[in-house]
Protein chains: 2
Amino acid sequence: MPTLEDVAKRAGVSTATVSKVLSNTPYFTDATRLKVMQAVQELGYVPNLAARALSSGKTHIIAVVFPYVYEAIFTDPNIMNTLAGIEAECTTQGYNILLSTPQLASDEPDTHYQQLIQSGYLDGVIAIDSYPTASALKPVQEKGIPAVVIGYEACDYSVRHDDQAGGQKIMEHLIALGHTRFGLIEVPEDTNYGVKYRSIGVRAAAEQAGLDYDSFPRTSGDWSTHSGSRCAAALLAQHPDVTALICYNDRMAMGAIQQARSMGRAVPGDLSITGYDDIPSAVLCDPALTTISQRSPEQGRIGARLLFEVLDGTHPDPVVLDPLLIVRQSSAPRP
Amino acid sequence: MPTLEDVAKRAGVSTATVSKVLSNTPYFTDATRLKVMQAVQELGYVPNLAARALSSGKTHIIAVVFPYVYEAIFTDPNIMNTLAGIEAECTTQGYNILLSTPQLASDEPDTHYQQLIQSGYLDGVIAIDSYPTASALKPVQEKGIPAVVIGYEACDYSVRHDDQAGGQKIMEHLIALGHTRFGLIEVPEDTNYGVKYRSIGVRAAAEQAGLDYDSFPRTSGDWSTHSGSRCAAALLAQHPDVTALICYNDRMAMGAIQQARSMGRAVPGDLSITGYDDIPSAVLCDPALTTISQRSPEQGRIGARLLFEVLDGTHPDPVVLDPLLIVRQSSAPRP
DNA sequence: ATGCTGTAGTTAAGGGCTTAACTACCCTGC
DNA sequence: GCAGGGTAGTTAAGCCCTTAACTACAGCAT
């Protein structure tokens, strides 16, 4: 592999000149630039990133971290779409992405992760914390590495979507369809920051319409499709008068739909059911789900952009994205 | 950040001693080792990876690359599960994963990707080529970086699942259920290496049962759910006697199910429909899909293991995984 | 006594790049 | 005629680590 020195020799200049020309430092004649560039071309020179990193302290690598909180985290559409957005932005900016999913569940800290953070290898970190857990962020902040959070964890720089607005939108949609008797399929509030705000949004919309949120029947699932079925079964058995079921994620909504149908309720004819997240299968299932999109790819893109701004020494304000209400076939006017 | 030298001073030894103790070189007294380790502890020393990389030529970073062939690549369950497997293995081995999805579709080579490969930053590369395209592997091989392919692309070291066996298993399953009149929902053969072998497997099983594979009615979709519906519509209209529909991926199968039902065919009562891939929604949809699992997480794990073996200087044989037939509710005995 | 081998540790030479500090020169204005 | 300032490029130190080559010495056989 050719080095700076090889290029310098070939171009008949010093290594410093080559280095500076390549980094677009001013004060060089076009002739010199040309000589250097030609030598670079001819030798197929590519800078050695390790040397550059050692010398400059900049690696052009950022880490995307999300705690490994459950088996299927790599197929979580929100996380993966966020990752896609980050990737897209980093590619255009010439940054590389290092992936790390620290195991924070166990008591002992993930030493491999700690070492990575401490190693001086990372220019910055983007932490995705859709699912709360022991903080992947703490070591990063201790080390003083520029960091951006996508989600709710406390950090100077962050992006997230507005769960409260999301809850409000879905509720307003159902209210506009004439529904007044609601059931809620929730999850325990402390498992996810976002859910808390979703319910606040739902409550706000309910109260604005003069409905008593606290009197709505509700059960808690565990995000899974299966739990959605179970919750729907219990809820519909006890409260057959409910005409709209608000589920706090799509998978539970899909389970609820199956269950409702098997109990003889037409969806959306007798019963409207809504989800949250707009996962890929939301459009595939039957009936296609009315749901809320968190706009994950944009969250990723913006997160990366924020990080680059921080790396440039600016102090960008937190960004809160307005969620998208996606109306499909699972919601309809009150029977 | 403390450096080797700080540790050396504190421990009262040379930097070489510290370095060697940390890399478990023989010939040191326990006393010396202890002194060094204590100093490391006290200072919270973590080696600088850039310096180590420059000096040793080893970065402990491997790149996982998959060409960015379509928008939703980051939500492709096969790819993401493979990634999860790679991640798991790398973590246990102390390697870091750098993600790169070169844009190979356009004519001009992805210079950012080229630079990354050439930069000397990578100890190895794992290329996922579930979807064929201009090769992400070529620059890697030119550079002489150890590489493992997950898929069909030509490479000294590779893992994949056995598409032919997969095709055969699904066909044998349907034949065992008594079906004799089959329809095929394929994709154009040249879009994917695996599909070719799947059809070879299906043919083999058919011929073994004395069926004329070439006479089966067939149409080609484009992997999408929508195309599955379209294909099913055309095929069932022209060949109402078909009792089993073999689809070459799950999404088309799900589309086919919807379409068949809307045409008044009960699935699986009148018509069995099978998929391929076992995507997450395969278990959620109604009826749950009978399909084939490519065992993506294992492919990832094994791919990473192979790479580590190559890095250790051995020459592991290619691995071909036997696919898993997953029987669910979308297939049933011939009516 | 001599040379060997094995043990325990040090010295110092890189690895390839960036960049502060420096030289050398030319142009301007008074 | 000369200080001052901009232009164009070089020198060399430094980033932190690994490792080949070396020293030093103890134990042992010849």
Side-chain angles (χ1 to χ4, degrees), chain A residues 1-40 43-61 94 115-116 118-123 143 311, chain B residues 1-40 43-61 94 115-123 143:
Chain A
M1 250 182 68
T3 70
L4 251 204
E5 207 178 333
D6 300 332
V7 176
K9 270 192 196 132
R10 178 134 195 161
V13 297
S14 72
T15 62
T17 301
V18 177
S19 174
K20 287 180 175 170
V21 164
L22 288 179
S23 60
N24 269 314
T25 305
Y27 302 142
F28 286 99
T29 60
D30 286 352
T32 307
R33 282 180 206 282
L34 199 69
K35 271 193 302 187
V36 170
M37 286 317 205
Q38 259 176 10
V40 166
L43 296 173
Y45 168 77
V46 172
N48 179 308
L49 290 186
R52 180 175 276 183
L54 178 58
S55 178
S56 70
K58 302 259 147 260
T59 58
H60 274 220
I61 291 184
Q115 296 237 10
L116 174 66
Q118 297 280 331
S119 69
Y121 231 64
L122 304 174
D123 282 358
K143 182 83 201 313
L311 291 175
Chain B
M1 250 181 69
T3 70
L4 251 204
E5 208 179 331
D6 299 331
V7 176
K9 268 192 197 135
R10 179 132 194 164
V13 297
S14 72
T15 61
T17 301
V18 177
S19 175
K20 287 180 176 171
V21 164
L22 288 179
S23 60
N24 269 316
T25 305
Y27 302 141
F28 286 100
T29 59
D30 286 353
T32 307
R33 282 180 206 281
L34 198 70
K35 272 193 301 188
V36 170
M37 287 316 205
Q38 259 178 9
V40 166
L43 295 173
Y45 169 77
V46 172
N48 179 308
L49 290 185
R52 179 174 277 183
L54 178 58
S55 181
S56 71
K58 303 259 147 260
T59 58
H60 274 221
I61 291 184
Q115 296 236 12
L116 174 66
I117 298 299
Q118 298 281 329
S119 69
Y121 232 65
L122 304 174
D123 283 357
K143 183 82 202 312

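If you take NE2 on A:H60 and NZ on A:K58, they are separated by 8.0 Å, rounding to the nearest 0.5 Å. In this structure, CD on B:Q115 lies 13.5 Å from OH on B:Y121, to the nearest 0.5 angstrom. From A:M37, atom CE reaches atom CG of A:D30 across 11.0 Å, with rounding to the nearest 0.5 Å.
The side chain of A:R52 contributes no N or O atom lying less than 4.0 Å from OP1 or OP2 of C:dG16.
Each end of the helix from C:dA1-D:dT30 to C:dC30-D:dG1 gets its own rotation axis from five pairs of C1' atoms, and the angle between them is 60° to the nearest 10 degrees.
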Show me the side-chain donor-acceptor pairs of residues 43-55 of chain A shorter than 3.5 Å, one per line, residues at least two apart or across chains.
unit_1, atom_1, unit_2, atom_2, d
A:N48, OD1, A:A50, N, 2.8
A:N48, OD1, A:A51, N, 2.9

Donor-acceptor contacts under 3.5 Å from residues 2-12 of chain B side chains, at least two apart:
unit_1, atom_1, unit_2, atom_2, d
B:T3, OG1, B:E5, N, 3.2
B:D6, OD2, B:T3, N, 2.9
B:R10, NE, B:E42, OE1, 2.7
B:R10, NH2, B:E42, OE1, 2.8

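A search for side chain to side chain contact (heavy atoms under 4.5 Å, CB included) contacts involving B:K143 returns A:M1, B:I117, B:Q118, B:I145, not counting sequence neighbours. Partners of A:T32 under the side-chain hydrogen bond (donor to acceptor under 3.5 Å, both in side chains) rule, at least two apart in sequence or in another chain, are A:T29. Judged as a side chain to side chain contact (heavy atoms under 4.5 Å, CB included), and not counting sequence neighbours, the contacts of B:S14 are B:A16, B:T17. Residues satisfying the side-chain hydrogen bond (donor to acceptor under 3.5 Å, both in side chains) criterion with B:S56, sequence neighbours excluded, are absent altogether.
Along DNA chain D, read 5' to 3', the first and last nucleotides having any atom under 4.0 Å from a heavy atom of chain B are D:dC16 to D:dA21.
Looking at residues 2-19 of chain B, you'll see B:V13, B:S14, B:A16, B:T17 sit with a heavy atom under 4.0 Å from some atom of DNA chain C. The stretch residues 54-61 of chain A comes close to DNA chain C through A:S55, A:S56, each having a heavy atom under 4.0 Å from the strand.
Taking 4.5 Å as the limit, every side-chain heavy atom of A:T25 sits out of range of all side-chain heavy atoms of A:V21. The side-chain heavy atoms of B:F28 and B:V36, taken from C-beta on, include no pair separated by under 4.5 Å.
Using a 4.0 Å heavy-atom criterion, one finds that A:P47 contacts the sugar-phosphate atoms exclusively. Within the nucleic acid shown, A:T32 comes within 4.0 Å of sugar-phosphate atoms alone, with no base atom in reach, counting heavy atoms only.
Here the P atom of nucleotide C:dA8 and the CZ atom of B:R33 are 9 Å apart, to the nearest Å.
For the pair A:D123 (side chain) and A:T59 (backbone), a donor-acceptor distance under 3.5 Å is present.
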Close N/O contacts between protein and nucleotides 3-7 of chain C (under 3.5 Å):
unit_1, atom_1, unit_2, atom_2, d
C:dT7, OP2, B:Y27, OH, 2.9

